[in-house]
Structure formats: structure tokens, C-alpha cells
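So the structure is just underneath, and the comments pick up after that.
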Amino acid sequence: MTDRYDFKAIEAKWQEYWEREGLYNVKEEPGKPKYYALEMFPYPSGNLHMGHVRNYSIGDVLARFKTMNGFNVLHPMGWDAFGLPAENAAIQHGIPPSKWTQENIMEMVEQLKILGFSYDWDREISTCDPDYYKWTQWLFLQFYKHDLVYKAESSVNWCPSCSTVLANEQVVDEQCERCGTTVHDRNLEQWYFRITRYADRLLDGLDDLPGWPEKVKIMQNNWIGRSEGVLIHFPLEGGETVPVFTTRADTLYGVTYMVLAPEHPLVDKLTRGTKYENPVKEFISETRGMDNIQRTSEEHEKEGMFIGAYAENPINGDEVPIWIANYVLMDYGTGAVMAVPGHDQRDLEFAQKYNLPVKIVVNPTEKNDDNESTIEAFADDGISVNSGFISGLPTPEAREKITEYIEEKGLGERQINFRLRDWLISRQRYWGTPIPILYCEKCGIVPVQEEDLPVYLPKDVEFKPTGESPLKYHDQFLNAACPECKGMATRETDTMDTFVDSSWYFLRYTSPQEKNHVVDKNKERYWMNVDQYIGGVEHAILHLMYARFFTMALKDMGMISAEEPFENLLTQGMVLKDGAKMSKSKGNTVDPKEIVNEYGADTARLFILFAAPPERDLEWNDEAVEGCYRFLNRVWRLVSTYEGSIKGLTPEAYRVKDEREKDLNRVMHNTIKRVTEDIGERFHYNTAISAIMEFYNAIQGYCDQQPRNKQNLQLIKEAVSNLVVLLAPFTPHIAEDLWERIGNAPSVHGQAWPKYDSAALKVDDVTMVIQVNGRLRDRMNVSVDTSEEEIKDKALSRERVSKYLNNKEIVRTIVIPGRLINIVAK
RNA sequence: GCCGAAGUGGUGGAAUAGGCAGACGCGCUGGACUCAAAAUCCAGUGGGCUUUAAAGCCCGUGCGGGUUCGACCCCCGCCUUCGGCACCA
């Protein structure tokens with residue numbers, strides 16, 4: 001009698017068992033190899049979506065697989081719990097952010113548990129927990145001590161809807177990454193992390209990450225944007241000089257004007273008291289008053305004006321008029337550029353608009369290029385001309401020679417510039433880690449003493465409908481004694497960017513309850529690095545670069561041993577429905593809860609892993625989900641049919657007696673091989689699952705073909721056991737249940753991963769393909785040890801082959817043993 | 001504009017090292033079981049053509065070339081889609 005696959009009862013039973021037995025709680029075991037599997041922790045929005053299910057299913061397969069392969073696996077989960085949605089809920093619905101967040105976390109823990117993920121819940125952390133943010137603040141203070149934090153005024157990105165500033169990384173297409181509102185420029189005094197000090201290391205470190213996708217490394221590489229060049233000092237009348245940065249020192253003879261950024265401090269100095277003073281001021285206030293919509297809508301139209309001053313080209317003494325223009329950025333290089341309109345597209349456009357002279361100093365090597373056009377500047381390498389002592393030299397040599405000359409004569413020096421900017425971390429928001437800083441009238445900026453941490457985020461706050469931070473109006477929070485002079489001081493009311501919280505959480509997982517240190521150094525050394533990190537590619541730059549920066553900085557401060565946090569990175573694709581990303585606004589979401597309710601967690605996991613390889617986007621398909629459900633039902637029925645007759649069999653060496661048994665045995669070992677390699681080496685979970693399905697088909701086929709009284713039950717037991725064990729990482733609940741039903745003590749996840757026997761993989765005969773001139777003409781069965789000569793003879797003697805060889809001469813024969821023979825004939 | 005990825009049946013995808021294109025699943029068609037349906041099981045399923053049939057032939061991995069005995073795979077030139085960057089001197 002076979003009973004029904006009752007996934008509800010099975011899943012509840014085993015989830016309860018795992019929790020009761022503490023199966024997934026781990027501690028350091030120095031004798032055992034460790035494996036740290038980590039999925040990006042979620043923001044507790046209150047709802048698990050399919051992207052999460054996919055992310056965590058991928059991680060769970062890996063964690064369970066590694067455990068079964070003898071590793072001591074750390075597989076933690078936590079909450080990126082600070083952030084705007086909690087505040088919006090407070091403003092709109094009057095629910096305190098902490099309450100809203102706590103409730104969401106509880107809800108999501110439930111959802112994660114019903115999916116059967118193997119997390120060590122004892123290590124759960126939440127970034128909004130004072131025990132956690134205390135250490136975020138403590139790290140801020142260490143960064144402060146090491147001059148990695150500073151406060152500065154500059155032009156920043158302001159999101160009027162979120163009423164807060166944003167880091168460069170959080171501005172996408174001039175819009176706020178979170179809410180899509182167009183960002184404005186504002187001049188504000190803000191806190192920065194000196195990530196630029198690590199620019200070189202962040203860049204060079206990418207070479208030591210072979211386990212990262214090339215795509216992500218390229219994106220980080222571009223973002224850091226290292227460029228080598230020369231700082232050249234252009235003298236002004238009166239002895240002062242203007243430094244400009246250029247990567248094309250070889251075009252120095254082609255300079256026809258110079259451009260300063262409108263904000264450049266020299267602008268004011270050079271125009272004061274001249275007839276240019278007022279028009280220049282007007283121009284500057286006009287450009288600066290523009291917000292980013294206007295600037296971008298003008299399609300990068302270059303605008304500027306002459307400011308009445310001249311510099312001298314240090315190489316030849318030419319007089320160089322000084323302009324200001326909106327296309328020169330104050331915060332890159334020196335905020336001043338030497339303009340070479342002959343060989344720089346931007347300079348050319350500007351020169352044409354304002355009738356500035358164009359001088360050609362580099363000729364293309366190949367004359368046939370249509371370089372006649374005056375619309376395009378020749379910016380490639382070529383041969384220097386009209387350039388004094390470097391004339392006639394190819395660009396790389398010309399650049400090197402003139403650079404040497406510049407350095408020798410003291411006209412400038414080599415410099416390396418980065419596009420990466422320092423990381424702006426202040427946010428004018430309530431629900432975040434308070435920045436542990438005090439402002440004292442007497443002592444100025446004073447860091448909070450370490451023993452006074454944490455600076456608690458007050459819970460009794462009132463929200464303004466404007467979104468303005470309630471911390472500004474909370475007297476108890478605001479007022480504090482200065483630790484230095486004991487006088488009155490005011491607290492910093494800005495909180496930290498939530499990316500600060502998530503830049504070190506993976507370290508905290510190694511010792512989440514540690515009271516006296518940010519991490520327990522020994523535990524950190526045991527568990528780090530993260531062996532496999534899994535998450536969405538949208539974090540390719542932001543989170544993944546900040547986390548690398550933190551890891552390097554903490555290492556330098558002697559707190560941890562790791563240089564890079566994530567040894568291997570897997571960026572999973574999106575979950576699509578009807579060709580578009582699932583989203584509430586498009587109304588094409590599928591709720592994981594409903595799927596689990598209808599088919600069970602095992603089916604949901606199986607489908608999501610089977611439908612596409614992890615890196616690719618996955619198209620949701622309800623009918624295919626049912627296919628996975630049917631498969632699990634078939635497995636269930638197969639095991640039910642045999643459980644009574646195989647349960648009592650003691651595990652003993654099984655013997656294969658005939659061809660059918662031998663075939664099944666071979667498929668079994670081949671499946672073990674394929675699944676092991678697909679999970680462990682390639683992350684091709686989809687093909688691993690296909691292999692398991694084929695294995696099931698083979699077992700079922702054997703059972704159907706062999707009369708009941710001739711079946712080798714010992715072999716069936718072995719096959720079914722392996723089928724269940726191979727399924728265990730993907731569909732843990734049904735595997736656990738079937739494992740018990742065929743007479744084993746739980747847990748199947750404590751089983752050693754099966755090994756294949758290469759002897760069983762051997763075949764006696766193989767089918768070889770016969771090609772004539774590369775076209776498939778025939779097949780033949782030969783014994784595996786047939787020699788090449790015999791294969792040729794056999795192939796040529798076949799009628800189907802010989803009919804293609806009439807009146808032709810055999811030129812060549814290629815034999816790939818065991819696969820194919822190709823006869824080339826003319 | 002620059003950088004990167006992808007393009008394979010009706011469909012999701014497979015082909016691990018240049019060697020049988022389409023594994024596995026979905027869908028579809030036919031059949032079995034059933035009074036009937038659902039569920040389940042069995043068989044077939046890239047396109048075109050020839051043949052009474054067995055079977056055979058041709059075409060086929062976005063397009064056009066190339067290398068090779070042999071190309072989904074390597075090279076060159078395009079097209080399309082998606083992602084990243086975008087006045088960085």
C-alpha cells in the first residue's frame with residue numbers, strides 16, 4: 001500500500017526535527033576543514049520574494065553539499081535592518097520604525113524557516129540591534145583615529161524626496177537609487193570615509209580574486225578608474241602657477257587655452273577688480289543654480305567664458321588664455337585642464353563653439369583614415385608633429401620623453417589619479433546608526449568615548465511629515481556633556497549610510513555574541529574568508545567595494561586577518577515573469593508563500609534551481625513548477641513501492657548479475673559523478689537535477705522491465721539510497737523522510753556524500769559515429785579496446801560508408817577513439 | 001559614445017576539452033486505464049523532402065565571411081537584446 005506524498009506533514013516534521021536537534025548550529029572545529037557559505041542578508045521588508053528564495057536556495061544547496069562532503073559549514077543569516085522604508089512606515093502609518101522592523105523580521109524568519117534553509121539561527125544578527133550598531137560606531141571611532149574619517153564641505157547629491165544626501169554610488173542616471181527622484185546639488189558639510197586611500201589596493205586586489213566574475217571586476221575597475229599622467233605647472237603672471245593633470249603630456253605643444261572649473265579658487269582671485277569679475281560671477285551662479293535635470297537635458301552642451309587672464313605654456317613660453325567652463329569638474333585632478341582641441345573631443349567642441357585655435361600635434365600613423373573632418377579630434381596614438389624635440393616620435397615614446405623632460409626641469413611631476421571619490425556616509429535620517437560625534441563649543445568636534453558606546457538611538461521620537469530627522473528635536477539625545485571639558489555639547493544628528501552597517505556583518509557572524517571586541521580574532525581567523533558569497537549583481541560596485549574597503553582597513557588596524565572578504569562570488573540572475581523582472585508595480589509577482597502552500601518548499605526549491613543555471617535570469621513558469629512537483633511525486637511512489645522490501649536489508653556489497661543490473665549500476669555511478677561535479681565545480685544545479693531525473697528514470701525503467709521475482713533488491717536499495725542522498729541538498733525534507741522510510745536513522749544530511757566507482761563507469765562496447773567528409777553516415781558498435789586500424793577497417797567495410805566512397809580516393813582518416821571516425825575522401 | 005554579457009525547437013534550457021545539436025523538464029499529439037473526467041502510465045514530438053515500406057536525403061544553433069578533416073564552440077565583420085559607465089582631462 002502506498003501513501004500519498006504529504007509535503008505539508010513532511011516539511012513540518014523535519015523542520016521541527018532540525019531545530020530540535022540543532023543540526024545547523026556550528027562551532028569552530030580546528031581539526032576539520034571549514035567552509036563559510038554566505039548569501040547577502042536581506043532588508044526586512046516583511047515579505048520574502050522570489051529573488052530571495054532563489055538566492056537562499058542556491059546557498060542552501062551549497063551549504064548542505066559541503067557539509068555532506070565533510071566540511072564544517074558556517075551558514076548564517078541576518079538583517080540589514082536600518083533604512084528608509086521603516087521611517088516611511090512611521091511617517092505614513094504611525095508605526096515606530098523599531099516595531100515595524102522587528103515585526104517584519106519575525107515574519108521573514110517564519111518564511112525562511114518554512115523553506116527549510118539550513119541556517120545557524122543562533123548567529124542571527126540585526127544591524128539595528130544596539131549590540132551590533134555599538135560596534136559599527138566603535139569602528140567609526142577607529143576609522144576616525146586612523147584618519148580614515150573626516151568632515152568636509154562640498155557639493156553633494158541631495159535627494160529631495162528622501163531628504164538626505166547620497167553617495168555617488170547611490171545616484172543612478174542623476175536619480176536617487178532608492179526612490180527615483182532627480183537628485184540636486186547642494187553644498188553641505190558631511191562625513192566621509194577616506195576610501196580613496198585604498199584605491200590602489202582595491203584595484204590591485206581584484207587580480208587576486210580569480211573566483212569573482214570578470215564582469216564584476218571590470219565594473220569595479222572602471223569605477224575606481226586609475227589613470228597615470230603628469231601634473232604640469234603652468235606659470236601665471238606674478239609667479240604663481242596653475243597645476244593641471246594630463247594623461248597626454250605629449251600633446252603639450254598643442255595647448256591653445258586652459259580651462260578652470262567654475263568653482264576653482266583661482267577664478268575669484270584672477271577676476272577680482274577686473275571687468276570680468278561680474279560677468280564671471282553671473283555665469284557661475286547660473287551654472288551652479290541649475291539642477292541636474294537642466295544640466296543633462298542640454299545634452300552636454302559645453303558652455304564657458306574667458307576670464308581675462310593668461311598662463312604660460314611651460315614647454316614653449318606660449319601665452320595661454322584662461323577660460324572657465326561647465327565641462328571641467330572641480331573634484332577630479334586639480335579642477336583645471338590644459339585644452340588640446342586638436343586631440344581631445346571635448347576641447348574641440350568647446351573650441352569650435354568659441355572660435356579658439358586648433359593646433360595639430362599628432363598625426364595618425366595610417367594616412368588612409370578619413371581624418372580630414374574637423375568634427376572629430378584625433379585622440380588615438382600616432383606620431384608627434386610640430387612638437388619640438390618630440391616631433392617624429394610615436395605617442396608612447398613621445399609621452400615618456402616629454403615627461404622625463406618636465407620632471408628634469410621641475411615643470412611638473414608624474415601623478416596617478418582615480419575616479420573613485422571618498423565615501424559620503426552621513427544621512428540626514430533617523431533610522432540608522434548614530435554617528436558617535438559631539439560638537440562642543442569649546443573643544444569643537446569631539447568623538448564619543450569608546451566606553452560611552454553605544455550612542456543609543458532614542459525610541460520615543462516624533463516624526464515630522466517633512467521627513468526631517470526627529471533626532472534634531474530630541475533634547476535628551478541632542479544634549480550631552482563634552483568628554484574633554486565636561487561642558488555642554490551637542491550630538492551629531494546625522495546617522496550612517498546603511499552600507500556602513502553591511503560592510504562588516506560577515507565578520508560579526510564569526511562571533512556574533514562577542515561582548516568585548518568587534519570580533520573574536522581567533523574565530524575570525526578560523527572562519528574567514530567567506531568561501532562563497534552569493535547575491536544580486538546590483539551590488540557589484542556599492543556593497544562589494546565598501547565591504548572590501550572595510551576588510552582591508554580593519555586588517556591594517558590589526559583587528560582581523562583577512563585582506564579580502566569574499567573568496568568566491570556568484571552573482572545570481574533575476575527572477576522574471578512574462579519577460580520582465582517581478583515587481584509589485586508591474587503586478588507580475590508570484591508569492592513564495594502561495595507556491596509553498598500549494599506544492600511545498602521542496603518543489604519551490606527544485607523548480608527555482610532547475611529552471612536555469614544560477615547566474616542567468618530565470619523565467620517563472622507555473623506549469624514547469626507542476627512538473628517538478630510531479631517528479632517528486634514519482635520519486636515518492638517509487639520509494640513507497642519498495643520501502644517495505646528493502647527497509648530490512650542490511651547494507652552489504654551488492655552484486656550485479658546481468659546486463660540490466662550492470663547498466664543501472666553504471667548509470668548510478670555516472671550520476672554520482674555528474675551531480676558531484678555539477679554542484680561542486682560548476683554551480684550547474686540545473687544539470688545536476690537533470691542527471692538525478694535521468695537516474696530516477698533508469699531505476700524506474702529497471703523495475704518495470706525486470707520481473708518482480710528477478711529484481712535485485714540489494715541493488716535497488718543501493719540505487720534508491722543514492723537517489724535520496726543526491727536529492728538531499730536540493731529537496732531536504734522529502735529526502736529526509738524517504739531516508740528514514742528505507743530504514744535509516746536521520747539525518748540524511750549527516751550522511752557522507754557518495755563516491756563513484758570508476759570501475760562501474762567502464763563500458764565494454766561503444767557506439768561510434770562514422771563520418772565521410774564530415775557528414776554523419778553511419779554508426780557502429782565496437783568494443784572499447786578496438787585498435788585504430790581495426791576501427792578503420794570496420795568502418796570502411798560498411799555498406800553505408802562504402803557507397804559514399806565510390807570512385808573516390810581516401811585522403812585521410814581521423815579516429816577519435818570511442819567517439820567518432822571521419823573519412824576524408826576526394 | 002565606451003566597456004561587458006547574451007542570442008540554440010512551440011517553450012525553459014543541455015552539449016564540461018573543436019567531435020552524434022536539441023539531454024532533462026514543460027507544452028503538444030496519439031494511446032492505455034475510466035461510464036466519464038482528473039490523476040497516473042506508455043509512445044511520439046526541430047523543419048523540409050523522397051519512398052509501398054524498411055529506410056534514406058537535404059536544411060538547421062541571430063546574419064555574412066573565414067580557419068579546420070570536422071565549428072553552437074575559435075577568428076573577422078555586422079544585427080538585435082540586456083547590463084554597466086558616461087564630460088574623469
Side-chain angles (χ1 to χ4, degrees), chain A residues 172-174 213-223 225-227 229 244-248 251 259 295-296 299-302 325-329 331-340 343-347 349-350 379 417-421 537-538 540-541 571 573-574 576 579 606-607 610-613 615-628 630-631 633-634 637 674 677-678 681-682 684 686-697 700 704 767-777 779 800 811-816 818-825:
Chain A
V172 179
D173 290 335
E174 309 293 336
E214 242 4 83
K215 171 171 71 163
V216 173
K217 289 193 276 188
I218 288 166
M219 279 158 78
Q220 289 209 2
N221 198 323
N222 293 341
W223 191 265
R226 181 188 146 107
S227 63
V244 303
F245 176 76
T246 180
T247 54
R248 289 296 300 272
T251 61
V259 192
R295 281 204 193 173
T296 43
E299 290 283 309
H300 294 164
E301 181 69 24
K302 290 168 183 51
N326 59 357
Y327 76 95
V328 173
L329 308 171
D331 57 354
Y332 183 78
T334 63
V337 301
M338 58 182 228
V340 186
H343 306 286
D344 182 286
Q345 190 56 31
R346 297 155 300 181
D347 295 343
E349 281 166 28
F350 192 76
N417 265 332
F418 294 93
R419 297 183 46 185
L420 181 71
R421 306 294 148 84
V537 72
E538 65 273 17
I541 299 171
T571 53
M574 291 184 296
L576 311 177
L606 189 66
F607 165 73
F610 178 59
E615 313 80 16
R616 270 219 242 175
D617 288 349
L618 178 152
E619 176 71 31
W620 187 268
N621 179 336
D622 289 322
E623 282 163 336
V625 174
E626 266 190 64
C628 289
R630 283 205 293 266
F631 172 70
N633 271 288
R634 284 198 289 270
R637 273 196 305 276
R674 285 167 67 188
E677 289 169 358
D678 281 353
E681 293 165 25
R682 308 196 305 156
H684 284 201
N686 56 330
T687 52
I689 293 167
S690 316
I692 294 171
M693 288 172 168
E694 286 177 63
F695 181 34
Y696 161 83
N697 290 342
Q700 188 66 58
D704 288 346
T767 304
M768 281 189 69
V769 164
I770 307 172
Q771 296 182 336
V772 178
N773 289 332
R775 318 201 66 143
L776 180 95
R777 294 303 179 192
R779 294 163 210 272
R800 290 232 196 107
V811 186
R812 205 174 149 188
T813 316
I814 293 112
V815 177
I816 309 294
R819 283 184 181 260
L820 127 173
I821 170 168
N822 187 11
I823 300 156
V824 186

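Within every chain, numbering begins at 1; the chains are lettered A, B, ... in the order of the sequence lines, protein sequences first and strands thereafter. The basis for the numbers below is simple: all heavy atoms, side chains too, and nothing from hydrogens, waters or symmetry mates.
Side chain of A:R637, nearest nucleotide from B:C41, B:G84, B:C24: B:C41. Relative to the side chain of A:I541, the nucleotides B:C85, B:C24, B:A14 differ in distance, and B:C85 lies closest. The side chain of A:V328 has B:A89 as its nearest neighbour among B:A89, B:C26, B:A23. Considering only the side chain of A:A612, B:G13 comes nearest among B:G13, B:G19, B:G4. The side chain of A:R616 sits closest to B:A14 out of B:A14, B:A89, B:A23. Side-chain proximity of A:F610 to the nucleotides B:G12, B:C69, B:G84 is greatest for B:G12. Picking from B:A89, B:G84, B:A15 the nucleotide with the shortest atom distance to the side chain of A:R682 gives B:A15. Distance from the side chain of A:V824 is smallest to B:C69 among B:U16, B:C69, B:C26.
Between A:F607 atom CZ and B:C24 atom C1' there is a gap of 14 Å when expressed in whole angstrom units. Between A:Q220 atom CD and B:G4 atom C1' the separation is 15 Å, expressed in whole Å. A:M574 has its CE atom 8 Å from the C1' atom of B:C82, to the nearest Å. Rounded to whole Å, the distance from CG on A:N822 to P on B:U68 is 15 Å. When the C1' atom of B:G25 is taken as reference, atom CD1 of A:I689 falls 11 Å away, rounded to whole Å. One interatomic measurement links the two molecules: CD of A:Q345 to C1' of B:C2, which rounds to 13 Å at whole-angstrom precision. The nearest whole Å value for the distance from the CG atom in A:D331 to the C1' atom in B:A89 is 13 Å. Atom CG in A:L618 sits roughly 19 Å away from atom P in B:C82 (whole-Å rounding).
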Checklist outcome for this item: Writing each nucleotide of RNA chain B 5' to 3' as (, ), [, ], | or . by Watson-Crick or G-U pairing under 3.5 Å yields (((((((..(((......[....)))((((((.......))))))(((((....)))))..(((((..]....))))))))))))....
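A:N697 has a side-chain polar atom (N or O) that falls below the 4.0 Å cut-off from OP1 or OP2 of B:G25. The shortest distance between the side-chain N/O atoms of A:S227 and the OP1/OP2 oxygens of B:A89 is below 4.0 Å. Residue A:R777 has a polar side-chain atom (N or O) positioned under 4.0 Å from OP1 or OP2 of B:C58. Phosphate proximity of B:C69 to A:R812: present, with a side-chain N or O under 4.0 Å from OP1 or OP2. Contact annotation: A:N326 side-chain N/O to B:C87 OP1/OP2 distance is not under 4.0 Å. Checking the phosphate oxygens (OP1, OP2) of B:A89, a side-chain nitrogen or oxygen of A:Y332 falls inside 4.0 Å. Applying the 4.0 Å criterion to OP1 and OP2 of B:C24, one finds that A:R634 has every side-chain N and O outside that range. At least one side-chain nitrogen or oxygen of A:R775 sits closer than 4.0 Å to the OP1 or OP2 atom of B:C59.
Between the A:D347 side chain and the A:V340 main chain, a donor and an acceptor come within less than 3.5 Å of each other. A donor-acceptor pair is defined here as one N or O able to donate and one able to accept, closer than 3.5 Å; such a pair exists between the side chain of A:N773 and the backbone of A:A825. Formation of a donor-acceptor pair under 3.5 Å by the A:R248 side chain with backbone atoms of A:A379 is found in this model. Between the A:D617 side chain and the A:M574 main chain, a donor and an acceptor come within less than 3.5 Å of each other. Remark: side-chain polar atoms of A:N686 are not paired, donor with acceptor, to backbone N or O of A:A611 under 3.5 angstrom.
Of the charged side-chain nitrogens involved, at least one lies within less than 4.0 Å of a carboxylate oxygen, so that A:R682 and A:D678 count as a salt-bridged pair.
With C1' as the reference atom, B:A32 and B:G10 are 26 Å apart, rounded to whole Å. B:A21 and B:C59 have their P atoms separated by 13 Å, with the value rounded to a whole Å. The separation of B:A38 from B:G48, taken at their C1' atoms, amounts to 39 Å, rounded to a whole angstrom. Spacing of P atoms, B:A86 relative to B:G19, comes out at 41 Å, to the nearest Å. Spacing of P atoms, B:C74 relative to B:G7, comes out at 11 Å, to the nearest Å. Across the P atoms, B:G1 and B:C49 are found 44 Å apart, a figure rounded to whole Å. The C1' atoms of B:G47 and B:U61 are separated by 14 Å, rounded to the nearest whole Å. B:A5 sits 46 Å from B:A55 when the P atoms are compared, rounded to a whole Å.
Note that CD of A:Q771 and CD1 of A:I816 are 9.5 Å apart. Values are rounded to the nearest 0.5 Å.
Looking at heavy-atom distances under 4.0 Å, A:E214 makes no contact with the nucleic acid at all. Residue contacts shown for A:D617 are limited to sugar-phosphate atoms, with no base heavy atom under 4.0 Å away. As judged by a 4.0 angstrom heavy-atom cut-off over every strand, A:G333 is placed among residues making no nucleic acid contact.
Nearest-nucleotide mapping onto RNA chain B: of A:L329 and A:L776, the residue sitting toward the 5' end is A:L776. Comparing A:I814 and A:R674 by the nucleotide of RNA chain B that holds the closest heavy atom to each, the one mapping nearer the 5' end is A:R674.
Heavy-atom minimum distance, A:G335 versus A:V328: O-CG1, 3.6 Å. Contact record, A:R419 with A:W223: CB-O, 3.8 Å, taken as the closest heavy-atom pair.
You won't find any donor-acceptor pair under 3.5 Å spanning the side chain of A:R819 and the base of B:C20, going by distance alone.
Judged by the 6.0 Å and 45° rule, A:K302 forms a cation-pi pair with A:Y327.
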Taking N or O atoms only and anything under 3.5 Å, show me the protein contacts with nucleotides 27-31 of chain B, one pair per line.
residue: B:G27; atom: OP2; partner: A:R630; partner atom: NH2; Å: 3.1

